[in-house]
Amino acid sequence: MKPTHPTYPTCLALAILVLLCVTLPIGALHAQPTSSAPVAAAAQTDLAKLDQRLIAAQSSADNAWMLVSAALVLMMTGPGLALFYGGLVRQKNTLAIMIQSFALMAFITVLWAVVGYSLCFGEGTPIIGGFGHVLLRGVGVDPNADYAATIPQLTFMVYQLMFAIITPALITGATAERMTFSGTVVFMALWSLCVYAPLAHMVWGKGGLLNATLGGRFPTLDFAGGTVVHITSGVSALVCALYLGKRTGYPKEPMPPHSLVLSFIGACLLWVGWFGFNAGSALASNGLATSAFVATHFAAASATIGWLAAEWTTRGRPSALGAISGAVAGLVAITPASGFVAPVPAMIIGLAAGTGCFVMVTIAKGRFGYDDALDAFGVHGAGGTIGALLTGVFATQRVNPIFHDSQGRSLPVGWVDGNPSQIGYQLVGIATAWIFALVGSIVLLKITDLVVGVRASEEQEIEGLDLTEHGEEAYNLEM
Amino acid sequence: MKLIKAIVRPNKVDDVKDALGRVSLPGMTVTEVRGHGKQKGHTAIYRGKEYDVSLLPKMEIEVVVPDNLVDDAVAAIITAARTGEIGDGRVFVIPVEQSYRIRTGERSDT
């Protein structure tokens with residue numbers, strides 16, 4: 001999302017510079033009244049130079065923040081998500097789940113350079129981008145003004161790549177402890193091109209069907225990826241859990257997390273990394289980035305309290321796993337809303353996600369009987385949907401004047417602004433993401449199953465995927 | 001010659017070790033074990049799913065003693081390891097037929 005107004009300090013700086021440009025040449029004019037034409041030309045050149053310097057200064061500031069943000073989002077996958085999930089599995093599957101996240105850091109990156117970026121952000125149809133940027137053709141240090149006018153397109157490209165990495169990695173929470181490594185790699189690669197790329201293009205790409213500012217038919221608000229990242233991965237996670245079937249022994253055999261300490265560290269890294277994810281989605285180091293940063297933090301805090309309160313009242317004890325699960329649920333839900341809502345509505349969204357995801361994970365999952373091993377659907381699918389819907393309720397032009405009329409006047413954004421029809425557009429976005437994820441995942445799982453197989457054998461599961469898939473163990477603490 | 005096998009609470013190992021030292025029995029082998037007797041386990045809950053933790057961590061102490069020290073050793077262990085609550089553990093006394101020292105190969109019957 002681009003800032004639509006220059007900020008106050010920028011205006012001030014600009015005014016001073018313009019004043020200097022105008023007064024200095026006037027002084028020169030008085031000193032040498034006979035040569036006015038060259039002096040005027042020189043003034044023009046000075047003005048242009050200062051203008052360039054101003055642009056360069058803003059670009060430097062924005063680029064610094066965006067590079068840091070890109071690194072923060074990568075940190076969410078490894079080590080953040082890898083530790084979070086790694087601690088939740090049984091000891092014999094620790095490395096298998098961690099290496100899946102790490103492998104996606106490698107495979108999706110290569111795929112992104114070849115065709116992924118082009119399919120997401122190249123010009124194409126309303127559903128998917130074209131092949132204009134295949135092998136990163138035309139992606140250099142010059143900005144792409146459609147997406148982010150002040151940073152190199154290379155920065156934008158690498159920042160978006162980090163989102164493409166973490167999204168399929170989230171799905172591994174549902175396939176944990178029973179999907180083969182080869183099946184995971186093939187499925188995730190296909191999924192990245194056939195589910196992630198269309199959704200990213202529809203919501204964020206120029207001319208995408210759901211794009212809110214660049215000519216979309218159904219302007220859906222999704223600041224940092226509630227539909228693109230969390231609904232797609234969460235719903236696909238549910239499909240995977242159903243397709244793969246339950247883990248051997250589930251639910252009779254106890255399968256407690258092997259190290260909540262690892263999960264705890266992972267969750268804390270996710271919380272910090274999420275500032276890059278959400279505040280970075282302003283694509284500039286501006287006031288909107290701060291607003292998204294604050295909303296993100298407040299939502300995570302209230303969601304933690306929401307989950308803990310629900311747990312404490314219904315189960316009698318507040319747990320560490322409950323606290324970190326609640327925080328992640330809140331971060332998921334605030335993702336689409338982060339650049340559109342004020343801090344207090346952010347806390348309401350967080351609270352709704354913390355309690356809502358608690359119900360999904362502890363009650364709904366048991367009732368329906370699917371084995372979403374690490375609750376990728378319960379947290380990302382449910383939290384993403386809650387967040388995308390509530391974005392339509394709480395988005396306001398006071399935070400982000402994203403809609404304008406033909407005279408450039410700001411228009412109401414969400415329901416709180418008096419634009420209830422935005423809820424309808426949010427529902428269109430949510431439905432599109434659900435349908436793409438459902439259909440796409442079923443087809444791609446079937447293909448992957450035929451080509452390399454998806455499910456580990458029962459012997460492998462009993463022995464553990466660390467030894468049978470990778471030939472190593474997470475812990476060799478004994479002599 | 002007897003093998004005394006005591007299963008005690010993990011936090012009582014040091015007390016038992018000191019007590020055995022006082023009856024001139026310095027050597028022992030300690031192993032981490034899990035089990036349960038009359039003591040019930042407890043329930044752990046992870047994301048709403050309950051797990052019964054029925055096998056509790058205990059420490060097993062093995063010590064080989066001459067016949068004339070068996071009563072003192074058993075009394076020392078019981079005194080040191082007792083809290084009076086369920087879950088204090090058990091002591092078993094088992095006959096030992098032969099014993100050899102690996103370094104020297106000598107047979108020792110004491």
Exercise for the section: Could you tell me whether a side-chain N or O of A:R315 sits under 3.5 Å from a main-chain N or O of B:R47, the two making a donor and an acceptor? Expected result: no
Handout entry: Residues of residues 76-94 of chain B contacting chain A, heavy-atom criterion under 4.5 Å, by residue number
Key = none
Problem - Greater than 12 external heavy atoms within 6.0 Å of A:E458's CD - result: no
Handout entry: Non-neighbouring partners of A:T362 that pass side-chain hydrogen bond (donor to acceptor under 3.5 Å, both in side chains), sequence neighbours left out
Key = none
Exercise for the section: Tell me, please, which residues at least two apart from A:Y85 pass ring pair (Phe, Tyr, Trp, His ring centres under 6.0 Å). Expected result: none
Handout entry: Interatomic spacing from CG in A:D375 to NZ in B:K49 - rounded to 0.5 Å
Key = 11.5 Å
Please tabulate, for side-chain N and O atoms in residues 26-37 of chain B, each donor-acceptor pair with protein atoms closer than 3.5 Å (sequence neighbours left out).
{"from": "B:R34", "atom 1": "NH1", "to": "B:L55", "atom 2": "O", "distance (Å)": "3.2"}

Practice task
Could you tell me whether A:F368 atom CZ has more than 12 heavy atoms of other residues or ligands within 6.0 Å of it?
Solution key: no
Problem - Under 4.5 Å from any heavy atom of chain B - which part of A:I363 - result: neither
Practice task
Give a yes or no on whether B:K5 atom NZ has more than 12 heavy-atom contacts from other residues, nucleotides or ligands under 6.0 Å away.
Solution key: no
Completion exercise
Answer key: most heavy-atom pairs under 4.5 Å with chain B among A:M255, A:R317, A:K365, A:E311 is A:M255
Handout entry: Residue among A:S325, A:S319, A:G322, A:G378 with most heavy-atom pairs under 4.5 Å to chain B
Key = A:S325
Handout entry: OH (A:Y250) with more than 12 external heavy atoms under 6.0 Å
Key = yes
Handout entry: Portion of B:Y46 that has a non-hydrogen atom of chain A nearer than 4.5 angstrom
Key = both
